[in-house]
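All remarks here apply to the structure that follows.
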Amino acid sequence: MNKESIFRNKDALSIKYSPEKIYHRDEQINALSRILAPMLRNEKPSNVFIYGLTGTGKTLVTTYVTTNLENFTIKHNIPLKVLFVNCKMKKVADTEYRLLAYLSSLLGEGVPATGLPTDEVYRRFYSALENIGGNVVIVLDEIDALVKKVGDELLYNFTRMCETIKDVNLSLIGISNDLSFMEYLDARVKSSLSEEEIIFPPYNYEQLKDILFDRAMVAFNPGKIDEAAITKCAALAAQEHGDARRALDLLRIAGEIAERNGDERVVEKHIDLAEEKLDLDRMSEAARVLPKHSKIVLYTVLCLLRNRDKVLTGDIQKYYEHICEQLGVRPLTQRRISDIIAELDMQGLINASVISKGRYGRTREITLSLSKATHDKILLQLKQELDL
DNA sequence: AGTCCACAGGAAGGGCAGGCGA
DNA sequence: TCGCCTGCCCTTCCTGTGGACT
């Protein structure tokens, strides 16, 4: 209690924090503002498609612009409603039905979590929209995840809705991490959704430094963090496609580690420790919430990769069945295991790539990119969770 | 040039749970 | 309570495929 804390305002390093100044995104802010401006004259704006890798400020800029827009319209008495949805939110907006139900609830129209036919949910959503009237902006964050899961028919319906609905200026903002995502779409959806496109390039080292120094000023007490630690953070994040979110996480965790160790200030060493911890935490949490059979498959992969650097689907299948026998559970079929491996790959828990071994068949080659310590800890965690 | 392996991955559908409305 | 709907997990059946081998 007597010691001065390292942090002054830790929230400044979280993703929920909206900084006073957004660095190196003036171009994108202006572009989005110009696109949405027609709403201020009660005219329908274009739909917008926003691309950029994780941690490039897409969501930050979008919320910044829409919040300012809302504040302005409240002052000038212009009807505007902004609906923000993260399509990756499990059990909330990851299917067509749930997304519509969630949007309807934001508009004040209750829709049960399941049970209704989809056309009825659409009908309720339409009527909620028409009741609200005026200007409505729907922001679909991580839209690529949704489309990959449920197809593009939903977007087709949405874009049709933009054109047909009465008395409402409806505009869609789609945000995606995946640059190739547009290729999956139906041509009509593509042209309608991307009337306007805004691209968020990755931050470079210098830009990340500006952002981190700015946030560190707010987050840490004076003299509690080394300049070298911040530049190291920026350098690490710049290597990883300029992900500002990761850089901020690193800084926050480094601060926490320093505080816990009772150190005076945050130095480079703490950043290294933070990087290790970040990897472990991400893996550990992802592994913890996996369904049972996915856990067994992950456990299998970790076991097999303890003394070699790659495994194939067939090896996993055999060992998986062996573990299932040990546990006394009925093993799933190869078809399902193939999907589970693909799911684990999608989540970044393993790296799987399809390769051909000529006359020895086509298969997936699975590797890991974990430190030895993380590997062992996750293996142990799964072993305990599975009761092995 | 043709064969053939060991899967990948699409399609269809079963079965169960959760929920609504009559 | 019953009929119906969606979501989810899974199986079965099937076709497709890259490239080493013959």
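First the proteins, then the strands, lettered A, B, ... as listed; each starts at 1.
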Legend entry - Side-chain ion pair, Lys232(A) and Glu275(A), N-O less than 4.0 Å: no
Legend entry - Tyr122(A) OH - dC5(C) C1' separation (whole Å): 16 Å
Legend entry - Contact under 4.0 Å: Arg364(A) side-chain N or O vs dA8(B) OP1/OP2: yes
Inset, instruction - Using atom CD1 of Ile341(A) as one end and atom P of dC7(B) as the other, report the distance to the nearest whole Å. - result: 10 Å
Inset, instruction - Please tell me which of Arg362(A) and Lys357(A) maps to the more 5' nucleotide of DNA chain C, matching each residue to the nucleotide holding its nearest heavy atom. - result: Arg362(A)
Legend entry - Nearest-angstrom distance from the residue atom NE2 of His293(A) to P of dC8(C): 18 Å
Legend entry - Pair Asp214(A) + Lys209(A), salt bridge at N-O below 4.0 Å: no
Inset, instruction - Report the residue from Arg252(A), Arg245(A), Arg246(A) that forms a salt bridge (charged side-chain N to carboxylate O under 4.0 Å, His left out) with Asp249(A). - result: Arg252(A)
Legend entry - Short side-chain N/O contact to dC7(B) OP1/OP2 from Thr313(A), under 4.0 Å: no
Inset, instruction - Let me know, please, whether Arg335(A) or Leu312(A) comes out on the 5' side of the other along DNA chain B by nearest nucleotide. - result: Leu312(A)
Legend entry - dA8(B) OP1/OP2 closer than 4.0 Å to side-chain N/O of Gln334(A): yes
Legend entry - Spacing between Glu365(A) atom CD and dA8(B) atom P, to the nearest angstrom: 12 Å
Legend entry - Nearest-Å distance for atom pair CZ/P, residues Arg359(A) and dC4(B): 8 Å
Inset, instruction - Anything under 30° is parallel, anything over 60° is perpendicular, the rest tilted; go ahead and classify Tyr51(A) against Phe49(A). - result: perpendicular
Inset, instruction - Mind calculating the distance between CG (Leu344(A)) and P (dA8(B)) to the nearest angstrom? - result: 13 Å
Inset, instruction - Specify the separation, in whole Å, of atom CG of Leu99(A) and atom P of dG7(C). - result: 12 Å
Legend entry - Presence of Thr363(A) side-chain N/O under 4.0 Å of dA6(B) phosphate oxygens OP1/OP2: no
Legend entry - Phe220(A) ring center within less than 6.0 Å of Phe7(A) ring center: yes
Inset, instruction - Indicate whether OP1 or OP2 belonging to dC10(C) is found under 4.0 Å from a side-chain N or O atom of Arg336(A). - result: yes
Inset, instruction - Among the candidates dT11(C), dC21(C), dA8(B), find the nucleotide nearest to the side-chain atoms of Val354(A). - result: dA8(B)
Inset, instruction - Can you tell me the distance, in whole Å, between the OH atom of Tyr360(A) and the P atom of dC7(B)? - result: 14 Å
